[in-house]
Undergrad: 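Handing you this structure, nothing more for now.
Counting begins at 1 with the first residue of the sequence.
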Amino acid sequence: MFPVGFRFRPTDEELVRSYLYPKVTGTQTQGDDLVPKHDIPEHDLYAPNTEPSKIWNQFGGKNLEEKQEELELLFFTRLKKVSSTGSRIKRTIGGGCWKGDASGKSAKNVLETKSKTMKRIGFKKTFHYKNDQSKDSNSWVLHELSLDESFLRHAKIGDMVVCRLRKHPKKEEIIPSTHVSSQTGQNTNLMLEFLLELLQSNSREITMAPAMIPEGYRFCPTDEELVLYYLYPKVIGTQTGEDGRIPEHDLYAPNTEPWKIWEAFGGPNLEENQEELELLFFTRLKRVSSTGSRIKRTIGNGCWKGDASGKYAKDVLETMTRTRIGFKKTFHYKNDESKDNNRWILHELSLDKSLLSQAKIKDLVVCRLRKHLKKEAITPHTKLSSPATDLMLDYWKLDSGEILFDPPIN
């Protein structure tokens, strides 16, 4: 359906606006044959007969770990009150509980960014799994997203929320000398043949208009996908026109700065839409001397500081064969005289040397340019407008293309 690297990565706003609100009001649709809407399952996350780990395994969480994807699952779930007449919510699960700000005092606002007045449409509460007798205590995080009360007047399901169930990632335990297949000797040619066949079987000349992509889907490739389906074809000269979504730009230029690149390639739009603050680029490494191997990683008045030697570089693996296909190095922007010192991160992904025998472009890498998030500075009493009004509800109906009418009031 989508090119490699596209997956469901909705913002909090999209989850509340386009998935929770239609679910609560009974106006949920399934999309159409060309553009199906993502199906978020409904499951009890506050059940006494289960655990976060059981839910994780039941709904494919292990597959995310194997594919090195973001460790998150999405669910609709219903809140349970301690008593039928009270307002307190019971958040026990199995032998433990979800512990956090149940009162909502420190809940974050979910904002409608398409509105000029930044309407509050919901709230986000965060909980951690607590069970002192379990090794999984504090290993799970639950983000609970609920609608603002002003949107509940047409609710058919009053206590429905949408949740992000997240697992804390563990440190990578893969040791290249033992668990990762060797790239030397006779299996190198076999690996190259395998990669070419894999690329051919997954080659998809898909031109997708933005309107064809369901809300919440984004180009969020894993490190493996970036190296295998984008960097490798680019280096050996088999890149297709569809791969042009990753621009080539000099990230080690003396006449620019990270924030200038960020602004030039639409970074501020990501901030406005509350998306992950990351841009992708192909870039070419620059050597200190034509005969040496050392890489020059200066940029503007600063430099990218980190593990240039590669001693602590992480392996990028092809998950089917557990073969190393590349490396990932991490750098931070360093400029002691700048307010942006240490505010930018660069993840540099390069091919394993065994895959460079057919290279037509030398010293090419693919990079993730990331910006450190600032703490939320918005307060409900100053920068937010009042809760949603009839005008805001009408705006949603016109803009979403899904919610075409108000449910009748009984």
Side-chain angles (χ1 to χ4, degrees), residues 5-6 9 11 13 70 111 113-114 116 118 210 218-223 225-227 230-231 234-235 239 241-290 294-310 313-314 326-351 361-378 383:
F6 272 89
R9 289 289 183 272
T11 62
E13 175 191 355
E70 185 176 359
L111 308 179
T113 56
K114 292 185 179 181
K116 293 181 180 179
M118 297 287 282
R218 283 173 177 77
F219 183 55
C220 301
T222 63
D223 292 342
E225 289 169 339
L226 278 176
V227 171
Y230 292 92
L231 179 59
K234 178 91 168 174
V235 166
Q239 184 191 38
E242 182 64 25
D243 299 334
R245 65 178 52 89
I246 302 178
E248 184 171 341
H249 191 75
D250 190 353
L251 302 184
Y252 308 113
N255 59 346
T256 190
E257 296 287 355
W259 58 89
K260 292 182 179 178
I261 299 173
W262 186 257
E263 292 172 0
F265 286 88
N269 293 334
L270 301 181
E271 300 176 55
E272 289 179 7
N273 295 328
Q274 304 175 36
E275 295 182 32
E276 185 175 3
L277 302 186
E278 172 184 283
L279 294 175
L280 297 168
F281 297 97
F282 289 117
T283 196
R284 302 188 189 220
L285 300 178
K286 298 178 180 179
R287 299 186 182 273
V288 175
S289 67
S290 58
R294 290 178 56 206
I295 304 299
K296 185 178 181 181
R297 291 187 176 88
T298 56
I299 180 172
N301 294 318
C303 67
W304 294 109
K305 190 171 183 179
D307 178 33
S309 67
K314 291 184 177 181
F327 298 96
K328 178 180 180 179
K329 297 179 182 178
T330 300
F331 303 90
H332 292 77
Y333 175 70
K334 192 68 176 175
N335 183 351
D336 293 331
E337 297 180 356
S338 171
K339 61 182 177 61
D340 281 292
N341 186 40
N342 287 321
R343 281 206 57 205
W344 299 92
I345 300 172
L346 191 71
H347 295 295
E348 184 185 279
L349 300 167
S350 57
L351 283 170
I361 306 175
K362 300 293 184 181
D363 293 332
L364 187 71
V365 293
V366 62
C367 295
R368 300 180 188 267
L369 176 63
R370 289 182 170 173
K371 183 178 181 180
H372 270 308
L373 282 169
K374 286 185 176 181
K375 289 185 178 180
E376 188 177 16
I378 298 173
K383 295 189 177 181

Undergrad: Using the salt bridge (charged side-chain N to carboxylate O under 4.0 Å, His left out) rule, take Arg368 and Asp223 through it: C-alpha gap first, then chi angles, then the decisive distance, then the call.
TA: CA-CA 10 Å; Arg368 300 180 188 267; Asp223 292 342; 3.0 Å; yes
Undergrad: Do any N or O atoms from the side chain of Trp262 and from the backbone of Glu257 form a donor-acceptor pair under 3.5 angstrom?
TA: no
Undergrad: Which of these passes side chain to side chain contact (heavy atoms under 4.5 Å, CB included) with Val227: Leu349, Val365, Val235, Thr222?
TA: Leu349
Undergrad: Can you check whether Glu337 reaches Asn301 side chain to side chain, under 4.5 Å on heavy atoms?
TA: no
Undergrad: Please test Leu364 against Leu231 for side-chain contact (heavy atoms from CB on, under 4.5 Å), starting from the C-alpha separation and ending with a verdict.
TA: CA-CA 8 Å; Leu364 187 71; Leu231 179 59; 4.1 Å; yes
Undergrad: I'd like to check Arg297 versus Leu346 (side-chain heavy atoms, cut-off strictly below 4.5 Å). Are they in contact?
TA: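 No, every pair of side-chain atoms sits at 4.5 Å or beyond.
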Undergrad: Does any part of the side chain of Val288, heavy atoms only, come nearer than 4.5 Å to the side chain of Ile295, both counted from C-beta?
TA: no
Undergrad: Keeping Glu263 on the side-chain end and Lys260 on the backbone end, is there a donor-acceptor pair under 3.5 Å?
TA: no
Undergrad: Begin from the C-alpha positions of Glu248 and Arg284 and carry the test side-chain contact (heavy atoms from CB on, under 4.5 Å) through to its verdict.
TA: CA-CA 9 Å; Glu248 184 171 341; Arg284 302 188 189 220; 2.8 Å; yes
Undergrad: Are Tyr230 and Phe282 an aromatic pair by the rule of ring centers under 6.0 Å?
TA: no
Undergrad: Take Leu285 and Glu348 through the side-chain contact (heavy atoms from CB on, under 4.5 Å) test and state the conclusion after the steps.
TA: CA-CA 10 Å; Leu285 300 178; Glu348 184 185 279; 3.4 Å; yes
Undergrad: Give the intermediate values and the outcome of side-chain contact (heavy atoms from CB on, under 4.5 Å) for residues Lys305 and His332.
TA: CA-CA 5 Å; Lys305 190 171 183 179; His332 292 77; 5.6 Å; no
Undergrad: Please determine if Lys371 and Glu278 form a salt bridge, counting it only when a charged side-chain N lies under 4.0 Å from a carboxylate O.
TA: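 Glu278 and Lys371: not salt-bridged.
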Undergrad: Between Trp344 and Trp259, does the ring centroid distance fall short of 6.0 Å?
TA: no
Undergrad: Would a 4.5 Å heavy-atom cut-off, applied to side chains only, mark Pro221 and Phe6 as touching?
TA: no
Undergrad: If we only count heavy atoms from C-beta on, is the Tyr333 to Ile299 side-chain gap below 4.5 Å?
TA: yes
Undergrad: Atom OG of Ser350 and atom NZ of Lys329: how far apart are they, to the nearest 0.5 Å?
TA: 6.0 Å
Undergrad: I want to check something: taking the side chain as every heavy atom from C-beta on, are Lys334 and Asn341 in contact at a cut-off of under 4.5 Å?
TA: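 The answer is yes, as the side chains (C-beta and beyond) meet within the 4.5 Å cut-off.
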Undergrad: Would you say the side chain of His347 lies within less than 4.5 Å of the side chain of Cys367, judging by non-hydrogen atoms?
TA: no
Undergrad: Using a cut-off of 6.0 Å, state whether more than 12 heavy atoms not belonging to Lys296 lie near its atom NZ.
TA: no
Undergrad: Look at the side chain of Glu13 and the backbone N and O of Thr113, then say whether any donor-acceptor pair between them is shorter than 3.5 Å.
TA: yes
Undergrad: Do Leu369 and Ile261 have side-chain heavy atoms sitting under 4.5 Å apart?
TA: yes
Undergrad: Any chance you could measure Asn335, atom CG, to Asn342, atom CG, to the nearest 0.5 Å?
TA: 10.0 Å
Undergrad: Just jot down the side-chain contact (heavy atoms from CB on, under 4.5 Å) partners of Asp250, sequence neighbours excluded, or say none.
TA: Tyr252, Ala253, Thr283, Lys286
